[in-house]
There are 2 protein chains.
Amino acid sequence: MSDPAPRPASAAEVAALAGVSRSAVSRTFTDGASVSARTRAKVMAAAEALNYHVNHLARGLSKDASRPVCLLASNLTRPYHGLLLDALTRRLQAAGRMAMVINVSTDPQSAGAALAQALSYRASAVVVMSGTPPADMVTACIDAGQKVIAINRGEEWPGVHHIRIDYRRAMQEAVTALRAAGCGRIALAGSRKGTPSLAAREAFFIEACHAQGIDPVVWRGDGSGYAEGQEAAQALLQGQAPPEGIFCLTDLMACGLMDMARDTLALAIPRDLCVIGFDDIPQAGWAGYGLTSFGQPYDRIAARVEEILLGEEPASRLETPLIWRQSVRSAKEPPRG
Amino acid sequence: MSDPAPRPASAAEVAALAGVSRSAVSRTFTDGASVSARTRAKVMAAAEALNYHVNHLARGLSKDASRPVCLLASNLTRPYHGLLLDALTRRLQAAGRMAMVINVSTDPQSAGAALAQALSYRASAVVVMSGTPPADMVTACIDAGQKVIAINRGEEWPGVHHIRIDYRRAMQEAVTALRAAGCGRIALAGSRKGTPSLAAREAFFIEACHAQGIDPVVWRGDGSGYAEGQEAAQALLQGQAPPEGIFCLTDLMACGLMDMARDTLALAIPRDLCVIGFDDIPQAGWAGYGLTSFGQPYDRIAARVEEILLGEEPASRLETPLIWRQSVRSAKEPPRG
DNA sequence: CTGAAAGCGCTTACAG
DNA sequence: CTGAAAGCGCTTACAG
């Protein structure tokens with residue numbers, strides 16, 4: 001309002017104004033520190049007058065807890081990533097941590113560079129939301145004292161904290177639901193991309209089919225988005241004796257598949273075809289889709305990240321509830337034919 | 001791999017190993033600094049051996065350029081915000097800046113707290129992607145030497161760098177397109193939410209209608225998402241002489257409106273109804289919608305942010321191209337009736 | 001080009 | 001409870 005200060009106030013200036021030592025100021029803003037009520041009051045008054053805010057950058061030099069948490073993200077453009085990032089940033093913020101996001105989408109190999117950046121900012125932890133950084137960079141981070149938290153990344157890395165979904169159970173449920181809906185011929189709309197989550201869902205879906213005596217038709221696209229869903233529909237649904245139930249690796253694929261099945265192939269869903277997706281993105285709930293899908297436990301994932309930050313080591317896999325909508329016949333309805 | 005160091009190497013250790021001063025190490029990692037090739041080589045070798053990375057936290061204490069850039073975001077769950085955040089983080093990263101995101105979605109008033117956080121981390125700039133922080137907090141940031149960059153935020157704040165879209169021109173184009181498609185009765189699916197962008201689109205759309213001698217029907221929902229689009233369809237399309245062309249404030253609303261118009265009201269698009277949206281989210285391109293929409297210049301916005309960070313002050317408003325798809329009849333096709 | 005020194009803004013034993 | 005001092009890891013005039 002008055003003379004605009006060129007730089008923010010420092011603890012030293014607050015100390016001077018309050019007539020106390022810089023240590024006293026520091027203590028006032030440190031949670032469990034011992035300061036008398038009187039000193040604290042003087043400090044607070046001075047701080048307010050100078051619009052003082054502790055410099056977290058400087059604090060991070062000595063205090064681990066105020067160092068940033070790095071989020072390695074990609075494809076922020078896709079609903080799943082947006083939802084996860086939303087849950088994560090919200091949670092970290094509530095915990096008073098600074099979230100720094102590194103976008104690794106441009107170059108699939110860039111995950112290594114991202115970790116180098118995390119190292120440069122002395123992040124206290126790095127959360128790998130996607131991408132697969134090279135093992136030696138992961139080791140370097142861990143050696144430097146950082147926690148590395150992997151969300152739904154495949155292989156077990158030594159020293160890495162994993163947060164995992166129980167894909168096996170989910171895939172069993174998917175197959176069961178399709179069979180209960182009367183689907184005899186079952187297919188999987190998969191992907192050649194081979195990211196850990198995608199690969200795990202594929203493997204467990206096929207395993208579950210076999211366990212129930214079914215031999216699923218498997219189709220694989222290049223990616224796992226809307227366009228691949230459309231391709232899947234064309235590839236799977238045109239021959240004779242086409243599948244009656246399809247599990248799509250992602251909701252995005254399911255949306256593409258449904259659009260193509262209805263508009264071009266003139267199939268009715270769920271009468272002629274049952275579809276299940278994964279991620280429970282907002283579009284799954286849109287009237288145009290009504291897609292039955294597995295919900296990702298975004299908030300629970302975020303909660304686990306915080307637990308790990310606090311030193312706890314949660315073990316069990318997270319459950320994904322199947323959200324029922326209209327793309328799968330309920331057991332009572334008769335199947336087609 | 002070998003003995004895991006509890007903490008990362010410091011410049012002092014590198015200096016010791018290389019047999020030079022700490023200044024020499026610092027200079028080696030500073031862009032325009034004067035170091036002999038020989039010294040630099042020694043330093044680099046030692047740095048590699050110790051896996052040294054400059055501590056940007058510490059560097060931020062004295063160098064403005066390595067202080068973080070704060071991104072005040074919200075609704076990361078929505079396509080528009082995801083797309084913008086994606087473009088921004090990508091660009092900042094390429095520029096070697098650290099992007100710290102603060103999620104202000106929980107509480108609309110939380111924008112003030114977010115700014116306080118930006119102040120605490122001595123961000124060199126804060127980018128307001130959404131939310132409207134209180135004026136005095138904005139002043140505090142500016143007084144503390146931070147750049148405040150507002151993307152599509154309404155009012156002119158003193159000292160704030162604005163990045164703006166030419167909504168007036170876009171809205172004129174929308175009305176023109178609808179009229180060229182033969183739409184006589186025109187409506188606006190608006191919102192009571194009143195965020196700056198939304199309000200501006202509304203006002204300019206109505207202004208453009210009047211300029212072309214049209215009196216649009218205006219409906220307003222609570223928000224600007226899919227559900228409000230559905231409501232808009234019910235409210236606007238049921239009476240007699242319903243609108244033949246509707247502009248929706250957002251693509252999300254347009255999707256909801258289209259679904260409701262087709263599924264429940266049995267209207268054909270664009271035969272019975274032309275629809276235009278805004279944002280050009282991925283779903284607009286899905287086969288189920290084929291929505292004609294204005295594209296946000298995400299990359300250009302990000303480029304401007306960088307320009308402002310570099311001290312330039314770009315002035316003109318950004319253009320939004322109208323992306324033609326199938327939800328508006330082209331001028332040649334005859335309108336219905 | 002190079003090093004010794006002071007400074008950036010904090011925290012945390014260490015005495016009192 | 002409180003202050004003087006050393007430390008966190010960097011940068012940048014200042015001499016040489």
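Lettering of chains follows the sequences in order, A, B, ..., and the numbering in each one begins at 1. Keep in mind that the numbers below use all heavy atoms, side chains included, and drop hydrogens, waters and symmetry copies.
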Within this structure, what is the [atom1]-to-[atom2] distance between [X] and [N], rounded to whole angstrom?
| X | N | atom1 | atom2 | answer |
| --- | --- | --- | --- | --- |
| A:His53 | C:dC8 | NE2 | C1' | 19 Å |
| A:Phe29 | D:dT2 | CZ | P | 15 Å |
| A:Glu13 | C:dC8 | CD | C1' | 12 Å |
| B:His56 | C:dG9 | NE2 | P | 20 Å |
| A:Tyr121 | D:dG9 | OH | C1' | 15 Å |
| B:Arg22 | D:dC14 | CZ | P | 20 Å |
| B:Leu61 | C:dT11 | CG | P | 12 Å |
| B:Leu57 | C:dG9 | CG | C1' | 12 Å |

Report task. Nearest-nucleotide wise, let me know which of A:Arg27 and B:Thr39 is further upstream toward the 5' end of DNA chain C. Result ->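 Nearest-nucleotide comparison on DNA chain C picks B:Thr39.
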Query raised in the report: Hey, which of these two, A:Val25 or B:Ala33, hits DNA chain C nearer its 5' end, going by closest nucleotide?
Result: B:Ala33
Identify which nucleotide among [options] has an atom closest to any side-chain atom of [X], counting heavy atoms from C-beta outward.
| X | options | result |
| --- | --- | --- |
| B:Lys63 | D:dT12, C:dC8, C:dC1 | D:dT12 |
| A:Ser23 | D:dT2, C:dC10, D:dG3 | D:dG3 |
| B:Ser21 | C:dC10, D:dT2, C:dG3 | C:dG3 |
| A:Arg59 | D:dG9, C:dG3, C:dT11 | C:dT11 |
| B:Arg122 | D:dC10, C:dC10, C:dC14 | C:dC10 |
| A:Asn55 | C:dC1, D:dC14, C:dC10 | C:dC10 |
| B:Tyr52 | D:dC10, C:dG3, D:dT2 | D:dC10 |

Under a 3.5 Å cutoff, is there a donor and acceptor pairing between the side chains of [X] and [Y]?
| X | Y | value |
| --- | --- | --- |
| B:Ser66 | B:Arg97 | no |
| B:Ser224 | B:Arg78 | yes |
| B:Ser26 | B:Ser23 | no |

Query raised in the report: Is A:Gln93 close to B:Ile102 at the side-chain level, that is, under 4.5 Å between some pair of heavy atoms?
Result: yes
Query raised in the report: With a 4.0 Å cut-off on heavy atoms, is B:Ser10 in touch with a base, just the backbone sugar-phosphate, or nothing at all?
Result: sugar-phosphate
**Report entry** Sugar-phosphate, base or nothing in reach of B:Val54, heavy atoms under 4.0 Å
**Finding:**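 If one applies the 4.0 Å heavy-atom cut-off, B:Val54 turns out to touch the sugar-phosphate alone, with no base involved.
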Report task. Please figure out whether A:Ser62 or A:Arg38 has its closest DNA chain D nucleotide nearer the 5' end. Result -> A:Arg38
Query raised in the report: Looking only at side-chain N and O atoms, does A:Ser26 come under 4.0 Å of OP1 or OP2 in C:dG9?
Result: no
Query raised in the report: At under 4.0 Å, does any side-chain N or O of B:Ser34 touch on OP1 or OP2 of C:dC1?
Result: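 The answer is yes; a side-chain N or O of B:Ser34 sits under 4.0 Å from OP1 or OP2.
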Query raised in the report: Measuring from B:Met100:CE to A:Tyr121:OH, what's the distance to the nearest 0.5 Å?
Result: 12.0 Å
Query raised in the report: How many angstroms lie between atom CG of A:Asp143 and atom CG of B:Asn51, to the nearest 0.5 angstrom?
Result: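 Those atoms lie 8.0 Å apart.
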**Report entry** Assigned partner base of C:dA13, Watson-Crick or wobble definition, under 3.5 Å
**Finding:** none
